[in-house]
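Sequence positions, counted from 1, serve as the residue numbers for this chain. Just so it is clear, the structure is predicted and the values come from calculations on it, not from any experiment.
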Amino acid sequence: MEENWLNDEYVRYYNSSYQTSQEEFAGYLKLLDINSEDSLLDLGCGDGCFLEAAAPLVKSAVGIDISPLQVSLAEKRLQAYPQASALCSDFVSCASVLRQDKSGITFTKGFSRKALHHLTDPEKHEMLQALAPLFAPGAVLYIEDGIFYNFEREHIQENLDKLMEECAQYYGEAWEQKRHDLLNSFLNEHPTGVGFWTKELNAAGFKVVELKPRSSFYGGLIAKKV
Ligand SMILES: C[S@@+](CC[C@H](N)C(=O)[O-])C[C@H]1O[C@@H](n2cnc3c(N)ncnc32)[C@H](O)[C@@H]1O
């Protein structure tokens with residue numbers, strides 16, 4: 001099915017096909033050292049699974065998602081937690097939506113998984129510049145997504161053969177089944193290089209403190225607000 005987050009059918013297909021275990025969420029909570037003083041922002045919160053895991057542990061939590069269906073599913077999950085909510089917005093405009101809806105809020109932790117590759121690089125720049133003032137000094141931001149750890153996005157064509165070899169090795173028998181979607185994501189969506197992320201995060205007042213690659217084409221990075 002073609003990826004379109006404004007198509008509820010696709011959203012339901014994604015949510016039922018890609019589920020995350022509680023162990024994995026526990027790993028993210030630990031990595032972010034989530035605690036009762038935290039105000040957490042989840043960019044691309046989907047149906048709110050991570051927010052639901054974090055909500056009982058934090059002072060406040062907000063999710064952003066462009067899909068009205070995802071936001072309503074997240075709100076349902078968060079009913080028991082008045083300190084947690086989800087807002088419908090695209091990433092580029094979400095800083096002004098947050099300023100309006102959560103006046104004065106400052107985040108101490110940020111999380112975004114499998115979501116920011118939907119933005120072009122100029123859009124990532126715009127989003128980071130707009131959001132950075134909403135993060136407190138010392139705040140920690142974890143981004144996990146399609147990230148090229150060995151080259152920058154503009155060099156994807158000359159690295160494509162090697163990338164495909166690495167994918168085949170990484171996915172083993174499942175590779176043929178995944179090939180079409182991955183190639184589509186590499187070429188038609190906007191996963192980007194770790195150098196780009198580092199430069200843009202620096203420009204927005206963050207310092208990348210740790211890289212957490214799971215492969216040469218997918219993984220995480222931890223950035224700290226200076
Ligand atoms: C692949 S899902 C990941 C959901 C969740 N973070 C997870 O790890 O399961 C990507 C999410 O990002 C949202 N999204 C995609 N493009 C967006 C945009 N431009 N602005 C805000 N949300 C967006 C989608 O609606 C979707 O819920």
Side-chain angles (χ1 to χ4, degrees), residues 5 28-29 31-35 37-46 50-51 54 58-66 85-156 185 189-214 216-226:
W5 296 103
Y28 295 128
L29 295 173
L31 183 147
L32 279 168
D33 187 24
I34 287 288
N35 64 73
E37 295 301 307
D38 278 333
S39 293
L40 169 71
L41 176 65
D42 182 355
L43 292 164
C45 64
F50 179 63
L51 285 173
V58 295
K59 189 164 78 181
S60 72
V62 190
I64 295 290
D65 206 284
I66 200 170
S85 58
L87 295 175
C88 197
S89 170
D90 68 273
F91 296 134
V92 175
S93 326
C94 73
S96 50
V97 172
L98 283 162
R99 279 199 182 88
Q100 264 181 4
D101 205 272
K102 311 271 168 204
S103 173
I105 196 159
T106 310
F107 297 105
T108 56
K109 301 284 161 66
F111 176 81
S112 184
R113 190 182 75 151
K114 298 181 183 169
L116 298 179
H117 68 277
H118 292 106
L119 297 182
T120 63
D121 286 356
E123 287 168 339
K124 291 182 190 98
H125 168 87
E126 209 181 322
M127 178 200 73
L128 284 173
Q129 289 293 321
L131 271 179
L134 296 182
F135 282 88
V140 175
L141 171 63
Y142 177 67
I143 296 173
E144 182 178 306
D145 211 323
I147 296 178
F148 300 126
Y149 288 90
N150 295 340
F151 59 86
E152 292 304 305
R153 179 165 185 86
E154 63 262 34
H155 300 299
I156 189 163
S185 177
E189 299 182 323
H190 316 285
T192 201
V194 76
F196 175 86
W197 273 121
T198 303
K199 175 171 72 80
E200 289 301 330
L201 284 160
N202 278 343
F206 290 85
K207 188 174 173 351
V208 174
V209 291
E210 194 177 343
L211 300 180
K212 297 185 85 65
R214 294 195 185 181
S216 74
F217 52 88
Y218 182 87
L221 62 79
I222 303 175
K224 218 173 199 180
K225 184 86 187 296
V226 179

Can you give me the closest heavy-atom contact between [X] and [Y], atom names plus distance?
X      : Y      : answer
Ser216 : Asn150 : CB-ND2, 3.5 Å
Ser93  : Asp90  : OG-OD1, 2.7 Å
Leu211 : Tyr149 : CB-CE2, 4.3 Å
Pro191 : Gly146 : CB-O, 3.4 Å
Ala223 : Leu201 : CB-CD1, 4.1 Å
Asp33  : Asn35  : O-ND2, 3.1 Å

Measuring from [X]:[atom1] to [Y]:[atom2], what's the distance to the nearest 0.5 Å?
X      : Y      : atom1 : atom2 : result
Leu131 : Ser96  : CG    : OG    : 9.5 Å
Asp65  : Leu43  : CG    : CG    : 10.0 Å
Met127 : Ile64  : CE    : CD1   : 11.0 Å
Leu141 : Leu32  : CG    : CG    : 8.5 Å
Arg113 : Cys45  : CZ    : SG    : 12.0 Å
His190 : Phe196 : NE2   : CZ    : 11.5 Å

Who passes side chain to side chain donor-acceptor pair (under 3.5 Å) against Glu200, sequence neighbours left out? His125

I'd like to know if Asp145 pairs up with Lys114 as an ion pair, taking the criterion as any Lys NZ or Arg NE/NH1/NH2 lying under 4.0 Å from an Asp or Glu carboxylate oxygen. no

Taking the side chain as everything from C-beta on, heavy atoms only, tell me whether [X] gets closer than 4.5 Å to [Y].
X      : Y      : value
Phe111 : Leu40  : yes
Cys94  : Arg99  : no
Lys59  : Asp38  : no
Glu210 : Leu221 : no
Leu116 : Trp197 : yes
Ile34  : Val58  : yes
Lys225 : Phe107 : no
Phe148 : Arg153 : yes

Ser39-Thr108 side chain donor-acceptor pair, cut-off 3.5 Å: no

Between Ser85 and Lys102, a side-chain donor and acceptor under 3.5 Å: yes

Not counting sequence neighbours, list each pair that qualifies as a side chain to side chain donor-acceptor pair (under 3.5 Å) and has a residue in residues 129-143. Tyr142-Glu144

Between Val62 and the options Asp101, Leu98, Asp42, the side chain to side chain contact (heavy atoms under 4.5 Å, CB included) test singles out Leu98

For residues 118-137, the salt bridge (charged side-chain N to carboxylate O under 4.0 Å, His left out) pairs (sequence neighbours left out) are Asp121-Lys124

Okay, side chain of His155, backbone of Glu152: is any donor-acceptor separation there less than 3.5 Å? no

Side chain to side chain contact (heavy atoms under 4.5 Å, CB included) between Ile66 and Phe91, intermediate numbers included: CA-CA 8 Å; Ile66 200 170; Phe91 296 134; over 6 Å; no

